[in-house]
Amino acid sequence: MKHNLISLTNMIRTRFAPSPTGYLHIGGVRTALFNWLFAKQAGGQFILRIDDTDAGRNVTEAIQPILDGFRWLGMNWDEGPEVGGPHEPYFQSGRDELHKQAAAKLVESGHAYRDYAKPDEFNALRQAAEKAKVPFVYDRRWMACDDAAAAAFEAEGRTAVVRLKMPREGQCVISDLVRGEVRIDWASEQDHVIQRADGSCLYHLASVVDDNDFEISHVIRSEEHLSNTPRQIFILESLGYERPVYAHLPYVAEPGGHSKLSKRKLAKYQKNKDFANLMERGSKIAERCGIATEADTFNPVIVDFYREIGFTPDAILNYLLLLGWSLDGEREKFSVVEMTKLFSLERVTKAPASFDPQKLLAFQGDAFAALPLEERIAKTKPFAIASGLIQDGDAESEGKLEDVVEAAGDRLKIAGDILDFDYCFVDEYAVNAKAYAKRITKPESAKALLGKLRVPMEQAEAFDAASLEKLVKQFCEDEGIQIGEIIHALRVATTGSPAGFGMFETLAVIGKDKAVARIDAVSLR
RNA sequence: GGCCCCUUCGUCUAGCGGUCUAGGACACCGCCCUUUCACGGCGGCGACACGGGUUCGAGUCCCGUAGGGGUCACCA
């Protein structure tokens, strides 16, 4: 829908600006989600910009996983890579000229200066201040006041960076939609470099210039940027730009901890039981489906992980929404449409929220169970095919998949869980040794009963669940035993597992031949 | 270390001075249902970091302490 009647200057425009790292961080998704919801709610635009000023990386390759991640999650962007827009390019590297012009303008207006300090000279100053335990204030001794001074420095063989000539009095007041009013003394700020000696520009300058050019109205980002805000405000005001509205979100913290969730700390998270369980669950699915499991992208910090093992995008969005936001403390389930209507920055919490794999999984389980049967079948199918459980296009095995998914019901929490029921499909399946000992080896009558039961089973004309139930119950009556005395052994013998969906549905889906053969294999051993 | 931010059950959170013997969700523990597991139902465990104020009254306001975190690059 276009809003031609609304002037562009009043438009709500938000952005998410990932660096091309090759993966989409779950915390980044949360930040992007809040930006996206805020824009969508207001009928505004959500823009994707790639902050690729770090040269030498293969950008195209490294942004693909990020773009794919957003697409999979259903978070469309109104302007950005692949979709274009009126402010192209959407790659920071392609906007270098704009940044350089801004830097020149700042020097021109006296808000920045050429600084001819050599890196070690400057560092020496900084270290001296540190050693003396006094706040470092650069005395600007290598600042070029004018072209003549610059020429003199250059005659010495020096090269210049451009530094901000930051105020040293007063306060920078940030009105933040999440944190309220934040005041920072200008004196505590440094003369930050905005342009390198080689002429390339640094992030803060680029970011401010691009946000202005893109007409970003609300800068919604993670709180680690709060301390960067004063310098950005100085840049933007010096350039005569209008100040965007700021909202600094708490970051997503590590499971069971309070520091920022980082993919570099995977080893540490592995010690967290819930995180390790999720990881292991995913790895099992991935290995059997031939999915690459490089630690770089295949782990619960990265969105790809969830896509690969069959999570539902909406469940992830819903869970992430609650990481730092709540409607009223009661309601937790929201469709994407609902969250778009109900989200508000005012209700974002201030404290970091730690990532809880268990709750994510609970949301996922509910979301998956709520899907219509056909969708659950469609979602599990690729996993069944990839792991060799069924053959694509083979009507018989596909029919079996449908039966299993239906019978499994909410025991399937993620699509990849279909592999838990591999014994329904294939000949080779794992036997749970503990269950075998408990239900077959230990009870003295187990093998004998199984040996007897296989006779009427083999003779059965109908091998559907209802008929099987009748058959087994009749058998128990004839033998004068409780159903519990045979059914556990039956399950372990035919599935190898102590748990699963209904016994009779299980037998029906396994089929007479296999079921009887499995019983024989056990009872005759 | 300087500056800034944050602090309610294990975790996510509700609470915007009296309705709080602090509510919900996930997890956990019982019981029920049941051929197992899961679901579901019922119940339970479990928190206002601490210390001062302000107030008739504080989880809610103020100050301090402690703790946690972020940030201090010619990274983004």
Side-chain angles (χ1 to χ4, degrees), chain A residues 17-21 51-54 92 115 117 119 122-123 126 129-130 133-136 159-163 174 176 178-179 182-185 187-190 192-204 206-207 222-230 248 250-251 253 255-260 273-274 319 322-333 347 349-363 365-366 369 408-413 420 435 439 469 472-473 476 482-488 490-492 495 497-504 506:
Chain A
S19 321
T21 50
D51 284 3
D52 60 345
T53 49
D54 196 2
Q92 214 159 51
D115 184 62
F122 193 87
N123 289 337
R126 182 154 41 203
E130 205 169 297
K133 289 185 177 162
V134 294
F136 173 57
T159 51
V161 296
V162 174
R163 282 185 192 278
I174 306 164
D176 191 284
V178 173
R179 317 212 160 240
V182 178
R183 295 165 174 276
I184 294 158
D185 290 338
S188 66
E189 290 287 313
Q190 301 297 319
H192 305 283
V193 173
I194 53 173
Q195 188 172 23
R196 298 183 182 94
D198 69 2
S200 61
C201 293
L202 265 6
Y203 169 76
H204 294 290
S207 181
S222 184
E223 69 176 298
E224 60 254 35
H225 287 286
L226 187 56
S227 338
N228 300 328
T229 308
H248 286 94
Y251 54 82
H258 297 286
S259 26
K260 195 167 65 165
K273 198 173 109 264
D274 300 331
Y319 173 72
L322 262 23
L323 230 42
W325 179 86
S326 73
L327 180 68
D328 53 14
E330 298 284 325
R331 183 166 167 199
E332 293 201 313
K333 298 297 171 65
R347 291 197 59 85
T349 54
K350 295 179 180 187
S354 90
F355 175 74
D356 180 358
Q358 279 196 97
K359 189 151 182 171
L360 204 210
L361 203 55
F363 270 57
D366 290 348
D410 50 32
R411 272 161 272 244
L412 292 173
K413 293 199 186 300
D420 290 345
R439 322 245 64 148
E469 178 164 7
V472 173
K473 282 189 171 156
C476 290
Q482 294 294 309
I483 196 166
E485 292 177 53
I486 178 73
I487 207 155
H488 301 295
L490 218 205
R491 182 182 292 282
V492 174
T495 71
S497 166
F501 51 84
M503 186 69 256
F504 308 113
T506 303

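Computation of the quantities below employed the complete heavy-atom set of this structure, encompassing side-chain atoms and omitting hydrogens, waters and symmetry-equivalent molecules.
- Between the side chain of A:Tyr319 and the backbone N or O of A:Asp356, at least one donor-acceptor pair lies under 3.5 Å.
- Heavy-atom minimum distance, A:Val178 versus A:Thr349: CG1-O, 4.0 Å.
- Residue contacts for A:Ala197: at a heavy-atom cut-off of 4.0 Å it reaches a base atom on one of the strands shown.
- With B:C74, B:U35, B:G70 as the choices, the nucleotide that has an atom nearest any side-chain atom of A:Tyr251 turns out to be B:G70.
- Side-chain proximity of A:Asp51 to B:C26, B:C37, B:A76: nearest is B:A76.
- Take A:Ala362 and apply the side chain to side chain contact (heavy atoms under 4.5 Å, CB included) test, not counting sequence neighbours, and it matches no residue.
- The separation of B:U19 from B:U36, taken at their P atoms, amounts to 47 Å, rounded to a whole angstrom.
- A:Phe501 comes within contact range of at least one nucleobase, with a heavy-atom separation under 4.0 Å.
- Of all heavy-atom pairs spanning A:Ser354 and A:Gly256, the tightest one is OG-N, 3.8 Å.
- Look at CD on A:Glu189: it is 12 Å from C1' on B:G2, rounded to the nearest Å.
- Taking a pair to require two hydrogen-bonding distances under 3.5 Å in either a Watson-Crick or a G-U wobble arrangement, B:G40 pairs with B:C32.
- Among the atoms of the strands shown, base atoms are found under 4.0 Å from some heavy atom of A:Asn228.
- Distance A:His225 NE2 to B:C72 C1': 14 Å, rounded to the nearest Å.
- Rounded to a whole Å, the CZ atom of A:Phe355 is 19 Å from the P atom of B:G69.
- As the counterpart of B:U60, no nucleotide is assigned, since no Watson-Crick or G-U wobble pattern has both distances under 3.5 Å.
- In this structure, SG in A:Cys201 is found 8.5 Å from CZ in A:Arg196, a value given to the nearest 0.5 Å.
- Of the candidates B:C26, B:U35, B:A76, the closest approach to any side-chain atom of A:Gln92 belongs to B:A76.
- Distance, A:Tyr203 OH to B:U71 C1': 14 Å, rounded to whole Å.
- Atom-to-atom, CG of A:Asp198 to P of B:C74 comes out at 13 Å; the value is rounded to the nearest Å.
- Among the heavy atoms of the strands lying under 4.0 Å from A:Pro119 is at least one base atom, whether or not backbone atoms are also near.
- Considering only residues two or more places apart in sequence or on other chains, A:Gln92 meets the side chain to side chain donor-acceptor pair (under 3.5 Å) condition with A:Asp51, A:Asp210.
- Of the candidate nucleotides B:A76, B:A25, B:U36, B:A25 has the atom nearest to the side chain of A:Glu332.
- Other residues, nucleotides and ligands place no more than 12 heavy atoms under 6.0 Å from the NE2 atom of A:His258.
- A:Ser207 comes within 4.0 angstrom of no nucleic acid atom, judged by non-hydrogen atoms across all strands.
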Identify all pairs in which a protein N or O lies below 3.5 Å from an N or O of nucleotides 60-63 of chain B, and state each distance.
none

Check against side-chain contact (heavy atoms from CB on, under 4.5 Å), A:Glu223 and A:Arg179 | CA-CA 10 Å; A:Glu223 69 176 298; A:Arg179 317 212 160 240; 4.0 Å; yes
Starting from the C-alpha separation in whole Å, work towards a yes-or-no answer on side-chain contact (heavy atoms from CB on, under 4.5 Å) for A:Thr506 and A:Met503.
-> CA-CA 5 Å; A:Thr506 303; A:Met503 186 69 256; 4.2 Å; yes
Given the rule in the side-chain contact (heavy atoms from CB on, under 4.5 Å) test, do A:Glu224 and A:Lys260 qualify, once you have shown the distances and angles that lead to the verdict?
-> CA-CA 10 Å; A:Glu224 60 254 35; A:Lys260 195 167 65 165; 3.1 Å; yes
Tabulate protein N/O versus nucleotide N/O from nucleotides 3-10 of chain B, keeping only pairs under 3.5 Å, one per line.
unit_1	atom_1	unit_2	atom_2	d
B:C5	O2'	A:Arg179	NH1	2.4

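- Among the protein residues, A:Glu224 comes within range of the sugar-phosphate backbone only, with heavy atoms under 4.0 Å from sugar or phosphate atoms but none that close to a base.
- Nearest nucleotide to the A:Ser354 side chain, out of B:A38, B:U11, B:C74: B:U11.
- For B:A66, the paired base is B:U7 (Watson-Crick or G-U wobble, both distances below 3.5 Å).
- Straight-line distance between the P atoms of B:G67 and B:C20: roughly 35 Å, to the nearest whole Å.
- When the nucleotides B:A25, B:U35, B:C74 are ranked by their closest atom to the side chain of A:Arg196, B:C74 comes out on top.
- Side-chain atoms of A:His204 come within donor-acceptor range of the base of B:A76, with a qualifying N/O pair under 3.5 Å.
- Atom NE2 in A:His488 sits roughly 8 Å away from atom P in B:C37 (whole-Å rounding).
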What protein N or O atoms touch nucleotides 39-45 of chain B N or O atoms at under 3.5 angstrom, if any, and at what distances?
unit_1	atom_1	unit_2	atom_2	d
B:C39	O4'	A:Asp410	OD2	3.4
B:C39	O2'	A:Asp410	OD2	3.2

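- A distance-only check finds no donor-acceptor pair linking the side chain of A:Ser326 to the backbone of A:Leu322 [under 3.5 Å].
- Searching all strands for a Watson-Crick or G-U wobble partner of B:U71 with both distances below 3.5 Å returns B:G2.
- Contact annotation: A:Arg126 side-chain N/O to B:G2 OP1/OP2 distance is not under 4.0 Å.
- Taking A:Arg331 as the reference, A:Leu327, A:Asp328, A:Phe334, A:Glu338, A:Leu342 meet the side chain to side chain contact (heavy atoms under 4.5 Å, CB included) condition, with sequence neighbours excluded.
- Taking a pair to require two hydrogen-bonding distances under 3.5 Å in either a Watson-Crick or a G-U wobble arrangement, B:U54 remains unpaired.
- For B:A49 and B:C31, the C1' atoms lie 36 Å apart once the distance is rounded to whole Å.
- Cation-pi geometry between A:Lys333 and A:Phe363 is met: the NZ or CZ atom falls under 6.0 Å from the ring centre, inside 45° of the normal.
- In this structure, B:A27 forms no base pair with any nucleotide, since neither Watson-Crick nor G-U wobble geometry is met with both distances under 3.5 Å.
- Between the side chains of A:Arg491 and A:Thr495, no donor N or O sits under 3.5 Å from an acceptor N or O.
- Residue A:Gly257 is out of contact with every strand shown, counting any heavy-atom pair closer than 4.0 Å.
- To the nearest angstrom, C1' of B:C12 lies 13 Å from CH2 of A:Trp325.
- Straight-line distance between the C1' atoms of B:A25 and B:U21: roughly 22 Å, to the nearest whole Å.
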Please lay out, stage by stage, how A:Phe355 and A:Asp274 fare under the test side-chain contact (heavy atoms from CB on, under 4.5 Å).
-> CA-CA 10 Å; A:Phe355 175 74; A:Asp274 300 331; over 6 Å; no
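- Taking atom P on both B:C9 and B:G46, the two are 14 Å apart, rounded to the nearest angstrom.
- The distance from atom OH of A:Tyr319 to atom P of B:C12 is 8 Å, rounded to the nearest whole Å.
- As judged by a 4.0 angstrom heavy-atom cut-off over every strand, A:Gly500 is placed among the base-contacting residues.
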